[in-house]
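Worksheet for the structure shown next.
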Amino acid sequence: MGLLPVKPGEVAAIVTSLEMRERPRPRPMPESPLRLVRWEAPSPDKYRTLFARVGSPWLWFSRLVMEEARLTAIIHDPRLEIFAVVDRQGIEVGMLELDFREAATCELSFVGLVPELTGAGHGRWLMAQALMRAWRPDVTRVWVHTCTLDHPKALGFYRASGFVPFTRAIETFADPRVTGHLPRDAAPHIPLIDPPNRR
């Protein structure tokens with residue numbers, strides 16, 4: 001099969017979904033100076049600010065383009081658990097979102113830290129926290145997805161954490177740097193190709 005063109009002003013990614021069907025064996029909790037703070041029914045503005053801070057290097061856009069009423073309904077749903085990752089000074093440096101809206105299932109909707117913290121072992125701590133909270137007695141499946149726009153080590157990290165890939169898809173979407181939902185200098189490793197009317 002030949003190459004499929006992507007229109008100027010759009011971005012394409014290969015999305016890989018991974019799952020766990022069994023609770024992992026207990027391991028010692030990795031040490032970290034970070035901690036999780038539960039956000040119950042955060043304001044959409046507060047939520048979007050942290051979402052963009054953590055996700056803009058990887059072109060996270062889904063919650064930025066969502067209508068406010070729909071976003072509010074999601075992040076205020078009691079079956080969704082949102083945590084800010086904070087450092088010793090109380091500065092928000094990451095996020096964790098656990099989605100229990102599907103019976104017997106937990107999706108790790110969003111798991112991420114600001115780029116300055118990558119490579120220091122904090123990701124292992126955050127994943128251990130996520131899995132500890134995801135595997136409730138009624139949960140039989142935990143899953144997560146990543147894509148080729150994510151950190152290059154993300155897929156390997158999820159697999160090393162015990163997740164097994166089960167499906168792949170190609171996603172094409174309007175580049176959030178072109179639509180104005182993210183700054184034009186976000187994710188500089190991903191080429192920005194303007195549509196003809198922006199050149």
Side-chain angles (χ1 to χ4, degrees), residues 13-32 34-44 46-48 50-55 58-66 70-86 92-114 117-118 121-151 153-169 171:
I14 298 173
V15 180
T16 302
S17 297
L18 308 96
E19 64 182 0
M20 277 186 191
R21 291 284 183 172
E22 294 182 358
R23 180 190 297 267
R25 292 180 180 176
R27 297 179 183 177
M29 180 65 67
E31 293 186 11
S32 175
L34 306 177
R35 61 189 176 91
L36 292 180
V37 175
R38 175 79 185 273
W39 279 4
E40 294 192 33
S43 72
K46 180 179 181 180
Y47 177 90
R48 283 193 185 108
L50 183 59
F51 184 92
R53 183 156 182 251
V54 174
W58 319 113
L59 293 190
W60 288 11
F61 73 97
S62 59
R63 298 290 171 83
L64 303 178
V65 301
M66 196 175 283
R70 184 178 172 217
L71 175 62
T72 301
I74 292 172
I75 64 178
H76 288 186
D77 191 314
R79 297 168 297 173
L80 200 76
E81 295 187 2
I82 301 168
F83 299 86
V85 181
V86 299
E92 292 152 358
V93 293
M95 71 182 301
L96 169 64
E97 187 171 306
L98 305 176
D99 187 342
F100 295 96
R101 290 178 293 173
E102 182 181 340
T105 298
C106 178
E107 178 187 1
L108 308 187
S109 304
F110 297 101
V111 185
L113 298 165
V114 295
L117 295 182
T118 57
H122 301 300
R124 291 192 300 276
W125 169 84
L126 182 55
M127 180 56 70
Q129 293 285 343
L131 293 175
M132 180 179 69
R133 288 166 169 77
W135 281 104
R136 295 176 172 178
D138 60 333
V139 168
T140 58
R141 176 177 177 258
V142 176
W143 75 282
V144 67
H145 68 270
T146 186
C147 77
T148 48
L149 302 178
D150 208 343
H151 190 285
K153 293 185 178 180
L155 182 56
F157 173 72
Y158 289 132
R159 295 180 74 180
S161 299
F163 288 92
V164 177
F166 69 92
T167 190
R168 263 193 303 257
E171 180 182 23

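All values reported here derive from a predicted model rather than from experimental measurement.
Taking the side chain as every heavy atom from C-beta outward, Ile74 and Met66 approach each other to under 4.5 Å. Here the side chains of Val85 and Trp125 are in contact, with some heavy-atom distance below 4.5 Å. Contact annotation: the side chain of Phe157 never approaches that of His151 to less than 4.5 Å [non-hydrogen atoms, C-beta and beyond]. In this structure, Pro42 and His76 have side chains that are in contact, with non-hydrogen atoms separated by less than 4.5 Å.
Note: Trp39 and Tyr47 fail the aromatic proximity criterion, with ring centroids not under 6.0 Å apart.
Between Leu149 and Ala13 the shortest heavy-atom distance is CG-CB, 3.7 Å. Contact between Val54 and Gly112 at its shortest, heavy atoms only, is CG1-C, 3.5 Å. Between Trp135 and Arg23, the shortest heavy-atom contact is O-NH2, 2.6 Å. Nearest heavy-atom pair, Ile75 versus Pro44, reported as atom, atom and distance to 0.1 Å: CD1-CA, 4.1 Å. Contact detail for Thr146 and Ala154: the closest heavy-atom pair is OG1-CB, 3.7 Å. Arg168 approaches Ile14 most closely through the heavy-atom pair CD-CG2, 3.7 Å.
For the pairing with Arg159, the side-chain contact (heavy atoms from CB on, under 4.5 Å) check across Leu18, Val164, Thr16 returns one residue only, Leu18.
At most 12 heavy atoms of other shown residues, nucleotides or ligands fall within 6.0 angstrom of atom CZ in Arg124.
For the atom pair CZ of Arg53 and CD of Glu92, the computed distance is 8.0 Å after rounding to the nearest 0.5 Å. Summarising the geometry, atom CZ belonging to Phe166 is positioned 10.5 Å from atom NE2 belonging to His145; distances are rounded to the nearest 0.5 Å. Met95 CE to Leu113 CG: the interatomic distance, rounded to the nearest 0.5 Å, is 11.0 Å. The CG atom of Leu108 lies 8.0 Å from the CE atom of Met20; values are rounded to the nearest 0.5 Å. To the nearest 0.5 Å, atoms CG (Leu36) and CG (Leu126) are separated by 6.5 Å. Note that CG of Asp150 is 7.0 Å distant from CH2 of Trp60, once rounded to the nearest 0.5 Å.
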Next on the checklist: Under the criterion salt bridge (charged side-chain N to carboxylate O under 4.0 Å, His left out), I'd like the reasoning laid out for Asp138 against Arg136: C-alpha separation, chi angles, the key distance, then a yes or no.
Outcome noted: CA-CA 5 Å; Asp138 60 333; Arg136 295 176 172 178; 5.7 Å; no
Item to check | Residue pair Arg48, Arg63: steps toward the side-chain contact (heavy atoms from CB on, under 4.5 Å) verdict | outcome: CA-CA 7 Å; Arg48 283 193 185 108; Arg63 298 290 171 83; 5.5 Å; no
Checklist entry - Phe163 and Leu131: side-chain contact (heavy atoms from CB on, under 4.5 Å), yes or no, with the steps? => result CA-CA 11 Å; Phe163 288 92; Leu131 293 175; 3.9 Å; yes
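Between Phe110 and Phe51, the ring-plane angle classifies as perpendicular under the 30° and 60° cut-offs.
Taking His122 as the reference, Ser32 meet the side-chain hydrogen bond (donor to acceptor under 3.5 Å, both in side chains) condition, with sequence neighbours excluded. Shown here are the side-chain contact (heavy atoms from CB on, under 4.5 Å) partners of Asp99, two or more places apart in sequence or in another chain: Leu80, Arg101, Glu107, Ser109.
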